[in-house]
Structure formats: structure tokens, C-alpha cells
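Here is the structure we will look at.
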Amino acid sequence: MPSYRAPVEDTLFLLNDVLGFHNHANLAGFAEASPDVVEAVLGEGAKLAETVFAPVNRAGDLEGCTRHPDGSVTTPKGFRQAYDAYAQGGWMGLSVPEELGGQGLPHTLNTAMQEFVSGANLALGMYPGLTQGAVAALLVHGSEEQKRTYIPNMVAGGWTGTMNLTEPHCGTDLGLLKTKAVPNADGSYSLTGTKIFISAGEHDLSENIVHLVIARIEGAPAGTKGISLFVVPKFLVNPDGSVGERNGVSCGSLEHKMGIHGNSTCVMNYDGAKGWLVGEANRGLNAMFVMMNEARLAVGVQGLGQSEVAYQNAVAYAKDRLQGRALTGAKAPDKAADPIIVHPDVRRTLMGIRAFNEGARALVLWTALQSDIVHRSEDAKQRQAADDQLGLMTPVVKGVLTDRGFANAVEAQQMFGGHGYVEEWGMSQFVRDARIAMIYEGANGIQAMDLIGRKLPRDGGRAMMTFLGEVQTFIKDHNETEALKPFCTPLQAALNDLQGATMWFMQNAMAKPDNAGAGATDYMHLLGLVAIGYMWARIAKAASAKSGDARMEAKLVTGRFYMERMLPETSLRFARIKAGSDTTMALSAEAF
């Protein structure tokens, strides 16, 4: 039976010693997040993840969701109780403004909690996760009436939320959508169409489900310019705020899918369903992007969560499984064989996953902190700088962390040998669950193209230049410090590769766009390697200041492993980018 332990100590170290979380007391909600409060919040969140969410993860995978003839859906046994514990604990509104029923604490803490929940039970964690994304969109673009009507109920957990974008013929290219919205006399709209792959579209966890749906108002322009966003509740809301009659939206079927079986992924049918416009007509993507960007960062956290839980179980197995003898002589002479953790190749695998997890966790929390600054700072210059970094890193967090999260789940499964391939050990679930994170909220190739095509050139490349400058300044300030030389020297080499790749795109992608397309994924991973390397350099600075602490010594060793054996991958990525697109695009479609 797989187990999970939330990485509370590491998260606290990153917040307190590496990222300077408590230096932001001037931001709204941060003064209330004292060190004692943060430790208590993360401790209680860990307890919920470990003792309530994790125990129903494997059973939920085996049972899955069930659609009934009337279109209703029941979730696996134990999910309702676990969800209720999450909602009643106030976790849904951890970072939502107090005036709307939340606690107003920093989003960074909510991000940490998202990792705990994703590691413990990804399928279950998606129900509140999607609700929080819908709340974020309504907070920014909803009318005051919509905020009052929906957000307090969603924060309380009595209502949940979804995001309805994809249609059978229309995935990433949302300009092709066919769902139609016809104006009604009372100011509402009647929506007709079909959406697919809708996570948490129908279930028995909440009294009402608030769907955010993109559709085209009758007569609106074609393409993305004619898309609007609507709030469409499963049950209409009475004037007094109570739940009223059933709306014209239903689950037509459940998708039969590879993983996340405990989450109800639905085909949703809208048959004249009543909805209300969110924000401006024909500007629905602007509103939906709030939820999409929130979701992209959350999906990156899912990749980290699955990597972490897979690592923990692989380590436990490697310490217990006896197989062969160490190359340097028996380490457990009283036993028939040594535990496999003595073998260098096993260590290589486990150290690679561990080094990624700890560095990626720092990157996730650093990015979440930028989001808090964007939404809570009163300093316009500070907000702009944080928004630049948030925009630059969003596709990296989503794309790199889910690519590596899946790969790490496979590597962890490998530690079990044949036992990893059979269902009883639970490792195959981590692999299956992690796979979807590379696909939804924009497949990772799309994230790479977004980085190259939009984020990199935005504002004359200001965000990238700022990031390059920040890393270079750190190296300059610390490369003479003996303890940090093993981090600064390889980080400089990787930074040179990133600068070179950025310059190569500037010189070769404008005239030949296929060069950008062919190198986009390598560039995204190159930037991710450097960003995590920078996090490791900052971690090393904090850890080296705590001499004599065995935990910090282990962290420094892990960081050096990343710098020596993982960060040099930047040169491979740079070489691929410089190869251009000629061979990639040379064959005709018929030749494949």
C-alpha cells in the first residue's frame, strides 16, 4: 500500500530561509501569516493530506466514478467525506479575500497546500482545485452580483466550480468552438453545445456546480475575437440565494481514461442552459485566461506532487528490497543480500528525482510569491517586475514540472522492477495519474510555443533580461564564496547556454519561424534547468549558513548532484536548438 508524507519541513525551510517569505509583511495578508501561523497551517494541511486524502487514493483509482441513467455521477467511496473535511477546514478559501468568506492569507501558502493534496490524492484534489480557479476568474472579471452570488458558497465548499473550454472538434484552437449563446429578454443567455474532457463536471460532492463556459454569442465575430465567457450553474439560484430548479446542463457520459479515475471527467451537454455573461462580450478569453493561468501553475504543482509521492515510495522500497551485494563489499552481511539502495545506479535514479523535487518546489513557491506580489503590492514597479517573472515562468512551471514529474514517476516505478508493473504496489497509478498533467490546460508543446512566441518577446524581452540579470548578479556576488563555488560555476555555464539560445532565436527565428517551433520545447526545458539551478544556488546559500545541521548537509550534497549531473543538460538543449528546423521539416507529410 503506497504511503505519503507531506514535505512540511522542506517547505518551511524554503519559505523562511531561502525565499524570504516573511520579508513581505507590507503585502496584504502577509502580516497575518506569521512564522507560527505558517507552520500551523502547513502542519494541519499535511495532516489532512496524509490521513484523509491519501488513504482513499488507491481505492478511488480502483473504483472510479459512476454515471447513473439519470446523468448523475457518484464519486468513489470516501471521497465525499474527504472533500467535506477539506471544505469544513476552510482550505477552499485560504487565500480568498475575507469579505467573500475566505481567510485572506497569501496564495503562496495555498500553493504549498496544493502540492500536499496533489501528492496525496491527485484525482480528489482536482475538485477543490478547479473551484479555486473558478473563484479566481470571478474575483477578477465577475460582476459584484456574481461575486456575491457564487464566491461565498464556493469558498464554503457547498458549491464547486469547473472550466468548460474543449469541444469534440476543438482543443487548443478555441476559435473553432461551436457552443452558441442566445440572448434572453431578462439579460441572461441560453447556451447550447457540447463540451468534452470537463474535469469534475458532474459529481455528488457539492450541492451545486458552477460552470464557467466559453461560447459564441449569436452573431459574434468568428475566431477567438468572438468568444465570450458565461457562468452557468447546475442549479439556478433563487433571489434569496438558495438553490432553485435544475438548469439545462447535464453529463452525457464519463470519459474512460488512463488515470485520475477518481475524478469525474465528463462530456457536458448544454441544452438551452441559462447562463450569465462574465466580463465583456467577445472578450471571454481574457477572463478565462485568469483561470487558465491559475490552472497551469496548479498543474505544474501536480507534476511535482506525483514526482514526490513516487520518490517517497521508491526510497522506502529501495531500503527494504534485498538484491545482490554492493560493489565495494557487503553492507548487510547478516542478510542474504544488500538492500538495493547500496547500488550506484539506484542511487543515481533516486538522487535525480530528489534533486528535481527540492529544486522544483523552490521554483513553485518562488513563482507563487510573484503572484502574491502582483495581486497584493501597492508598488506599481514591484507589481510589474513580479508580473514579468510570473508570466515568464508560468509555461516553464507547467511544462517542465509535468514532463519531469511523469518521467520521475516512471523512474520511481523502475525501482520496483516487476513489482512496479503490477497494480498492488500502486506505482502504476502514479505513472497513469501523472500523464494527464502533460496534456490538459494546454499540452506542453503549446506551453513551449507560448514561451517562445509570446512570453519571450513581450515588452522587448524585458522579463527574460531581468531574469538573466538576476541570476548573473547572484553568481557575481557569490562565486568567490568557497561553499558556493560548486554551485556558481556550473550555473554560469548553464546561464551562458540560455543566453546563447536566446540570442540564437533572435537571429534565426524571425525570418524562419519553424526554427522557433522546432526548438521551443528544448528552450523551455533549458530555461527550466537554469531556473531550478538558480533555486539550488539560493538553497545552497541558506543551507551553508547552517553548519553542523545534518539535514542541511544532505541538502548541499543533493544540490551538488543537480549541478554536476543534471544542469549540464543545458548544453545538449542548446545544441538541439542550434540545429534549427531543416531536418525536422524536410519530409513531406506523405513521407511519414
Side-chain angles (χ1 to χ4, degrees), residues 1-10 46 49-51 53-62 116 119-122 259 303-361 404-435 548-566:
M1 180 73 174
S3 62
Y4 174 71
R5 185 172 181 270
V8 176
E9 284 188 355
D10 193 47
E50 293 166 1
T51 65
F53 272 49
V56 296
N57 187 37
R58 176 159 163 70
D61 179 62
L62 293 173
F116 298 173
N121 192 326
L122 177 57
L304 170 60
Q306 292 300 287
S307 182
E308 176 65 29
V309 69
Y311 165 77
Q312 290 182 16
N313 285 276
V315 167
Y317 184 82
K319 289 179 178 179
D320 186 64
R321 174 69 170 175
L322 302 180
Q323 192 82 33
R325 290 295 187 187
L327 298 176
T328 53
K331 303 303 180 188
D334 57 321
K335 297 180 179 179
D338 288 330
I340 63 172
I341 200 165
V342 305
H343 302 306
D345 195 59
V346 170
R347 292 288 190 99
R348 174 193 62 80
T349 300
L350 295 177
M351 284 293 286
I353 305 174
R354 175 178 177 146
F356 169 82
N357 290 350
E358 294 186 23
R361 182 171 299 116
R404 288 306 316 165
F406 173 73
N408 288 343
V410 173
E411 292 271 31
Q413 183 189 36
Q414 184 75 7
M415 295 296 92
F416 287 69
H419 293 293
Y421 196 68
V422 296
E423 291 292 333
E424 290 92 320
W425 288 86
M427 297 305 290
S428 65
Q429 183 187 351
F430 301 142
V431 172
R432 290 184 285 103
D433 284 358
R435 186 63 184 88
D549 185 324
R551 211 165 57 87
M552 294 299 107
E553 291 300 322
K555 198 167 284 292
L556 288 168
V557 171
T558 306
R560 289 199 298 272
F561 180 94
Y562 182 87
M563 292 296 179
E564 293 171 3
R565 299 186 67 96
M566 299 173 74

Closest non-hydrogen atoms of Met566 and Ala355, given as atom of the first, atom of the second and distance, are SD-CB, 3.8 Å

Might you work through the side-chain contact (heavy atoms from CB on, under 4.5 Å) test for Met427 and His419, ending with a clear yes or no? CA-CA 9 Å; Met427 297 305 290; His419 293 293; over 6 Å; no

Shortest non-hydrogen contact from Tyr311 to Leu350? CE1-O, 3.4 Å

Value for CG (Leu304) from CZ (Arg361), rounded to nearest 0.5 Å, stands at 5.0 Å

Tyr4 and Glu50 have their tightest heavy-atom pair at O-CG, 3.5 Å

Those residues that, when tested against Phe561, pass ring-ring contact (aromatic ring centres under 6.0 Å, His included) (two or more places apart): none

In Å and rounded to the nearest 0.5 Å, what is the CG to CD distance from Asn121 to Gln429? 7.5 Å

Which heavy-atom pair separates Ala326 from Lys331 by the least distance, and what is that distance? CB-CG, 3.7 Å

Does any part of the side chain of Ser3, heavy atoms only, come nearer than 4.5 Å to the side chain of Asn313, both counted from C-beta? yes

Any side-chain heavy-atom pair from Lys319 and Pro339 closer than 4.5 angstrom? no

Residues, nucleotides or ligands: over 12 heavy atoms within 6.0 Å of Gln414 CD: no

So, for Val346 and Ile341, which heavy atoms are closest and what is the spacing to 0.1 Å? CG1-CA, 4.0 Å

Value for CD (Glu411) from OG1 (Thr349), rounded to nearest 0.5 Å, stands at 5.0 Å

Between Asp61 and Arg58, is a salt bridge (Lys or Arg N to Asp or Glu O under 4.0 Å) present by the stated rule, with each step listed? CA-CA 5 Å; Asp61 179 62; Arg58 176 159 163 70; 5.1 Å; no

To the nearest 0.5 Å, atom OG1 of Thr558 lies from atom CD1 of Ile353 at 12.5 Å

Within the 4.5 Å heavy-atom criterion, are Ser307 and Phe430 side-chain neighbours or not? no

Any chance CZ of Arg565 has more than 12 other-residue heavy atoms, nucleotides or ligands included, within less than 6.0 Å? no

Do the non-hydrogen side-chain atoms of Arg551 and Glu9 ever get within less than 4.5 Å of each other? yes

By ring-ring contact (aromatic ring centres under 6.0 Å, His included) - contacts of Phe416 (at least two apart): Tyr317, Trp425

Could you measure the distance from the CD1 atom of Ile340 to the CE atom of Met415? Nearest 0.5 Å is fine. 6.0 Å

Could you walk me through whether Glu308 and Arg5 pass salt bridge (Lys or Arg N to Asp or Glu O under 4.0 Å), step by step? CA-CA 9 Å; Glu308 176 65 29; Arg5 185 172 181 270; over 6 Å; no

Test log, rule salt bridge (Lys or Arg N to Asp or Glu O under 4.0 Å), inputs Asp10 and Lys555: CA-CA 10 Å; Asp10 193 47; Lys555 198 167 284 292; 2.5 Å; yes

Is any side-chain heavy atom of Pro2 closer than 4.5 Å to a side-chain heavy atom of Val309? no

How many angstroms lie between atom CD of Gln413 and atom CG of Asn408, to the nearest 0.5 angstrom? 12.5 Å

Arg325 to His343 - nearest heavy-atom pair and separation: O-CE1, 3.4 Å

